[in-house]
Amino acid sequence: MKHLTIGILAFHGDVIEHKRATEQAAKKLRQKVTVIEVRTKEELSTIDALILPGGESPTLQKLCEREGMWCDIKKIPNIFGTCAGAIMLAKNIGNKSDGQKTLELMNIEIDRNAYGRQTDSFETKLMTALGEMDAVFIRAPRIKSIEKNVTILAENNDEIVACEQKTSTTFYLATCFHPELTTIRFHEYFLRNIL
Ligand code: GLN
């Protein structure tokens, strides 16, 4: 069985929560996994898959660029992005800040801050392809449209809030909410798809 190294981009956001959820998911799957925090190009070069946590997508972009990691992240074949991480994966973003760019890896268009301000954050029960779960939306984006190779995994009032893009060599997973706060099912699904 291959021993996987999963990196969590660790500039800000739910780093510890993602680490814990990934370790618990690996334990459940009886998969040998090492989870590391990634802040440098060197750390990035050692991983099989990367998790991009929530936070502020323009800030995450700037910090990745400062560390010279931007182009290298694009080459990671398996990436799971939550909230700001999902924004980073998208080909197109609405409501972007000045100079903001994305990794352009997923064929989706995503609207930043689609539900309003920080105080408009909310928690709801969500029916997903992985079962029903509580979902926390924190100044969350909404996936406006999807294209080639993308499959919807969850909708909230007809709005797409989770999806995946799978090819023979890559697997990308995006959620507008924060599964690391309420469930390990998305982490488990991510691991299953990259084993
Ligand atoms: N509003 C943030 C952004 O645009 C995302 C919020 C989050 O990750 N919880 O990047």
Side-chain angles (χ1 to χ4, degrees), residues 6-22 35 37-39 49-67 69-70 73-74 76 78-126 128 133-146 152-157 159-165 172-187 189-190:
I6 313 285
I8 319 271
L9 189 68
F11 293 127
H12 69 187
D14 280 350
V15 178
I16 301 296
E17 289 81 356
H18 273 295
K19 196 162 185 256
R20 210 174 287 148
T22 308
V35 185
E37 296 182 10
V38 172
R39 294 185 192 83
L50 180 66
I51 295 179
L52 302 171
E56 276 302 307
S57 46
T59 308
L60 286 168
Q61 173 198 329
K62 278 182 203 141
L63 294 170
C64 289
E65 286 177 327
R66 189 189 71 187
E67 295 305 318
M69 289 160 71
W70 192 254
I73 292 182
K74 283 186 184 231
I76 306 278
N78 309 296
I79 308 181
F80 174 17
T82 57
C83 207
I87 295 169
M88 286 175 77
L89 284 171
K91 262 213 172 113
N92 295 299
I93 29 173
N95 206 5
K96 64 177 162 188
S97 72
D98 275 356
Q100 180 168 11
K101 60 182 186 180
T102 64
L103 298 163
E104 299 181 24
L105 293 172
M106 282 186 86
N107 301 322
I108 60 176
E109 183 177 0
I110 198 163
D111 260 346
R112 288 182 69 217
N113 307 333
Y115 299 94
R117 304 165 67 91
Q118 192 78 6
T119 47
D120 300 310
S121 300
F122 60 97
E123 189 169 346
T124 188
K125 280 236 180 307
L126 202 61
T128 77
M133 60 186 69
D134 287 325
V136 182
F137 289 79
I138 305 170
R139 204 148 76 99
R142 162 187 62 187
I143 297 160
K144 245 175 102 176
S145 62
I146 59 167
I152 297 171
L153 294 175
E155 285 176 283
N156 181 40
N157 299 328
E159 291 175 343
I160 307 166
V161 291
C163 60
E164 66 181 350
Q165 179 176 307
Y172 305 127
L173 180 61
T175 64
C176 295
F177 51 97
H178 289 263
E180 75 282 2
L181 295 178
T182 57
T183 177
I184 63 165
R185 271 178 283 173
F186 270 90
H187 295 76
Y189 188 69
F190 185 53

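Both counts, for ligands and for their atoms, begin at 1 and track the order of listing.
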Which heavy atom of the protein is the closest neighbour of [atom], given with residue, atom name and distance?
| atom | result |
| --- | --- |
| atom 7 (C) of ligand 1 | Cys83 SG, 2.8 Å |
| atom 4 (O) of ligand 1 | Arg112 NE, 2.6 Å |
| atom 1 (N) of ligand 1 | Asn113 OD1, 2.7 Å |

Q: Give the numbers and elements of all ligand 1 atoms closer than 4.0 Å to a heavy atom of Ile87.
A: 3 (C), 4 (O), 10 (O)

Q. With atoms numbered from 1 as shown, which atoms in ligand 1 lie under 4.0 angstrom from a non-hydrogen atom of Gly54?
A. 8 (O)

**Q.** Full working for salt bridge (Lys or Arg N to Asp or Glu O under 4.0 Å) between Lys125 and Asp134
**A.** CA-CA 5 Å; Lys125 280 236 180 307; Asp134 287 325; 2.9 Å; yes

Q: Take Arg139 and Glu56 through the salt bridge (Lys or Arg N to Asp or Glu O under 4.0 Å) test and state the conclusion after the steps.
A: CA-CA 10 Å; Arg139 204 148 76 99; Glu56 276 302 307; 2.8 Å; yes

What about [X]: any of its N or O atoms under 3.5 Å from an N or O on ligand 1?
| X | value |
| --- | --- |
| Pro58 | no |
| Ser57 | yes |
| Ala84 | yes |

Q) Heavy-atom distance under 4.5 Å between the side chains of Ile51 and Phe190, does that happen here? A) yes

Q) Can you name the closest pair of heavy atoms from Arg142 and Cys176 and give their distance? A) CA-SG, 4.0 Å

Q: Would you kindly specify which portion of Leu60 sits under 4.0 Å from ligand 1, judged on non-hydrogen atoms: side chain, backbone, both or neither?
A: neither

Q) Looking only at non-hydrogen atoms, which of Gly55, Ala140, Ala114 approaches atom 5 (C) of ligand 1 most closely? A) Gly55

**Q.** Aromatic ring pairing Phe122/Tyr115, orientation class (parallel under 30°, perpendicular over 60°, tilted between)
**A.** perpendicular

**Q.** Flag if over 12 foreign heavy atoms under 6.0 Å of CZ, Arg185
**A.** yes

Q. If only atom types and distance count, is the side chain of His18 paired as donor or acceptor with the main-chain N or O of Gly13 below 3.5 Å?
A. no

